[in-house]
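One structure is given here, and the rest of the page talks about it.
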Amino acid sequence: MMIQWKSAASCWVATVVAQTEANDRQLMQPIAYHNLAHILDMRGQHQSALAAYQRAIDLKQRLGLDASRALSLNGLGVTYYRQGQLELA
């Protein structure tokens with residue numbers, strides 16, 4: 001009976017580790033889009049930056065990352081400002 005318990009415990013640990021890794025990847029994706037948007041904006045590729053910021057904002061909203069979403073919204077506004085689109089900034 002003890003062997004089955006160890007096997008079940010090992011399986012549970014492996015499942016938790018796999019879920020944690022998947023969650024970490026899911027949380028990293030919106031951060032990567034935000035960072036990409038910033039780089040694109042600094043390189044003058046404003047339309048691509050706007051799209052990347054919007055993708056980051058959408059992902060962060062879906063994940064409930066409100067504080068981080070605010071940073072991406074700020075970046076979006078700055079990019080619009082740099083383009084002279086003050087009504088959208």
- Residue pairs passing the ring-ring contact (aromatic ring centres under 6.0 Å, His included) test with at least one member in residues 56-89, sequence neighbours excluded, are none
- Query: How does the hydrophobic cluster around Leu40 look, that is, which other residues are in it when side-chain heavy atoms under 4.5 Å mark a link?
  - Reply: Leu36
- What pairs with Arg62 under salt bridge (charged side-chain N to carboxylate O under 4.0 Å, His left out), at least two apart in sequence or on another chain? none
- Query: Which distance, rounded to the nearest 0.5 Å, do you find between the OH of Tyr53 and the OG1 of Thr79?
  - Reply: 4.5 Å
- Task: Check Ala89 against Gly77 and note the closest heavy-atom contact, atom names and distance.
- Result: CB-O, 3.4 Å
- Note on the structure: Here the salt bridge (charged side-chain N to carboxylate O under 4.0 Å, His left out) pairs for residues 34-57, sequence neighbours left out, are Asp41-Arg82
- Query: In the hydrophobic clustering (ILVMFWY, side-chain contacts below 4.5 Å, transitive), which residues join Leu27, or is it alone?
  - Reply: Leu63, Leu65
- Mind checking what makes side-chain hydrogen bond (donor to acceptor under 3.5 Å, both in side chains) contact with Gln83, not counting sequence neighbours? Gln85
- Query: Roughly how far apart are Leu50 CG and Leu76 CG, rounded to 0.5 Å?
  - Reply: 6.0 Å
- Message: Tell me every residue that passes side-chain hydrogen bond (donor to acceptor under 3.5 Å, both in side chains) with Gln45, counting only those two or more places apart in sequence or in another chain.
- Response: none
- Task: Sequence neighbours left out, what pairs pass side-chain hydrogen bond (donor to acceptor under 3.5 Å, both in side chains) with at least one residue falling in residues 66-75?
- Result: His34-Ser72, Lys60-Ser68, Lys60-Ser72
